[in-house]
Amino acid sequence: MKIIFVCTGNTCRSPMAEYLMREYCKKNNLDIDVESRGLACSNGRPISDNSLAALKEVGIDASGHKSKSFIIRDLFDADLIVTITGGHKNVLINHFNAGESVKTFYEATGVGDINDPYGCDLNCYRNCRDMIEKGIKVLVKQLAQQDNN
């Protein structure tokens with residue numbers, strides 16, 4: 001299975017979701033390929049300093065992250081595409097003719113849209129990380145149950 005998380009710049013929210021999801025999949029022995037993309041990003045940019053710091057606080061090293069733009073091929077490669085907000089899902093539907101494989105973070109986890117922390121202080125990024133982590137725990141639990149059935 002392959003999951004792609006999508007946000008705007010692929011330097012803050014979706015990389016946090018990607019790395020948190022990878023960590024929880026590893027802890028739960030789930031064989032899931034996890035990536036992230038941006039809808040309006042410059043390819044090859046590192047994760048933001050505050051996202052990196054917020055992840056390091058929970059023992060996750062995301063220093064190797066390089067931003068990638070969402071491309072049409074991603075619709076065919078992923079089993080599930082999770083957009084960080086409803087607006088991101090609308091872009092995928094309207095510009096990429098995306099279908100059933102695209103869910104908002106809320107639809108996939110029950111946790112609402114994650115506001116963009118770009119330009120905010122580290123505490124804002126911590127709050128963002130914690131909201132994402134809350135949703136990731138739900139998603140991993142659902143996938144683990146499916147894996148056991």
Side-chain angles (χ1 to χ4, degrees), residues 1-41 43-71 73-89 91-93 96 98-118 120 122 124-149:
M1 174 175 223
K2 182 174 182 176
I3 297 174
I4 298 176
F5 291 96
V6 178
C7 71
T8 306
N10 194 222
T11 59
C12 298
R13 297 170 288 175
S14 61
M16 283 199 278
E18 172 187 352
Y19 283 84
L20 285 163
M21 184 72 181
R22 283 183 184 173
E23 186 67 21
Y24 276 87
C25 285
K26 191 184 326 177
K27 287 179 181 176
N28 289 276
N29 296 316
L30 293 175
D31 184 24
I32 298 174
D33 183 19
V34 184
E35 297 181 11
S36 63
R37 301 284 190 271
L39 294 175
C41 75
N43 287 327
R45 294 196 56 210
I47 191 169
S48 70
D49 290 342
N50 282 339
S51 290
L52 183 64
L55 288 172
K56 274 189 180 174
E57 289 178 349
V58 294
I60 297 172
D61 178 14
S63 60
H65 176 77
K66 299 290 182 214
S67 63
K68 290 183 185 173
S69 295
F70 189 90
I71 59 173
R73 179 91 195 140
D74 294 326
L75 289 174
F76 302 100
D77 288 346
D79 299 292
L80 176 62
I81 298 169
V82 180
T83 63
I84 300 300
T85 70
H88 296 123
K89 180 179 179 180
V91 170
L92 292 180
I93 290 169
F96 290 93
E100 296 294 316
S101 64
V102 178
K103 306 284 185 218
T104 65
F105 197 75
Y106 175 75
E107 291 169 335
T109 70
V111 175
D113 286 357
I114 310 296
N115 293 328
D116 194 349
Y118 184 78
C120 296
L122 180 56
C124 183
Y125 281 78
R126 287 177 180 130
N127 291 336
C128 182
R129 176 205 61 210
D130 293 347
M131 282 185 68
I132 292 169
E133 187 172 21
K134 181 180 177 185
I136 294 298
K137 288 178 181 179
V138 171
L139 184 56
V140 166
K141 185 176 180 181
Q142 292 170 357
L143 293 171
Q145 287 174 345
Q146 288 175 11
D147 202 38
N148 290 332
N149 291 333

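Values below: all heavy atoms of this structure, side chains included; hydrogens, waters and symmetry mates excluded.
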So do Leu139 and Tyr24 actually touch side chain to side chain, heavy atoms under 4.5 Å? no
Mind checking whether Lys27 and Glu23 have side chains closer than 4.5 Å, heavy atoms only? yes
One should read off an interatomic distance between Gln142 CD and Gln146 CD, to the nearest 0.5 angstrom, of 7.0 Å
Give the minimum heavy-atom separation between Ala17 and Ile136, together with the two atoms involved. O-CD1, 3.9 Å
Stepwise side-chain contact (heavy atoms from CB on, under 4.5 Å) check, Glu18 with Arg22: CA-CA 6 Å; Glu18 172 187 352; Arg22 283 183 184 173; 2.5 Å; yes
Less than 4.5 Å apart, side chain to side chain, heavy atoms only: is that true for Val138 and Val111? no
Parallel under 30°, tilted from 30 to 60°, perpendicular over 60°: which one fits the rings of Tyr19 and His65? perpendicular
To the nearest 0.5 Å, tell me how far Leu55 CG sits from Met16 CE. 6.5 Å
First locate atom OG of Ser14, then atom CD1 of Ile114, and finally report the distance between them rounded to the nearest 0.5 Å. 11.5 Å
The test is side-chain contact (heavy atoms from CB on, under 4.5 Å); show your working for His88 and Thr85 and say whether it passes. CA-CA 5 Å; His88 296 123; Thr85 70; 2.8 Å; yes
Straight-line distance of Leu122 CG to Asn127 CG, nearest 0.5 Å: 9.5 Å
Check: Ser48/Asn50 side-chain N/O donor and acceptor closer than 3.5 Å: no
Heavy atoms, side chains only, cut-off 4.5 Å: are Ser63 and Leu52 in contact? yes
Scanning both residues in full, the closest heavy-atom pair of Ile81 with Ala78 reads CG1-CB, 3.7 Å
Assess whether atom NZ of Lys56 is packed by more than 12 heavy atoms of other residues, nucleotides or ligands within 6.0 Å. no
OH of Tyr118: more than 12 outside heavy atoms within 6.0 angstrom? no
Exceeds 12 heavy-atom contacts within 6.0 angstrom, atom CG of Asn115: no
Step-by-step side-chain contact (heavy atoms from CB on, under 4.5 Å) determination, Phe5 to Leu20: CA-CA 11 Å; Phe5 291 96; Leu20 285 163; over 6 Å; no
Counting only heavy atoms from other residues, nucleotides and ligands, does the tally under 6.0 Å from NZ of Lys2 exceed 12? yes
Rounded to the nearest 0.5 Å, how far does CG of Leu75 lie from CZ of Phe70? 4.0 Å
When you compare the side chain of Met1 with that of Asp31, does any pair of heavy atoms fall below 4.5 Å? no
Roughly how far, to the nearest 0.5 Å, is CZ of Arg45 from CG of Asn43? 11.0 Å
If you compare all heavy atoms of Pro117 against all heavy atoms of Arg13, which two are closest, and at what distance to 0.1 Å? CD-CG, 3.7 Å
Please check if the number of heavy atoms outside Asp77 that lie under 6.0 Å from its CG is greater than 12. yes
Quick check: do Arg129 and Arg126 have side-chain heavy atoms less than 4.5 Å from each other? yes
What heavy-atom pair brings Ile84 and Cys7 nearest, and what distance separates the two atoms? CG1-CB, 3.7 Å
May I ask you to decide if Gly44's main-chain N or O and Ser67's side chain share a donor-acceptor pair within less than 3.5 Å? yes
Val91 side chain near Val6 side chain, heavy-atom distance below 4.5 Å: no
So Ile4 and Lys68, side-chain contact (heavy atoms from CB on, under 4.5 Å) or not? Walk me through it. CA-CA 11 Å; Ile4 298 176; Lys68 290 183 185 173; over 6 Å; no
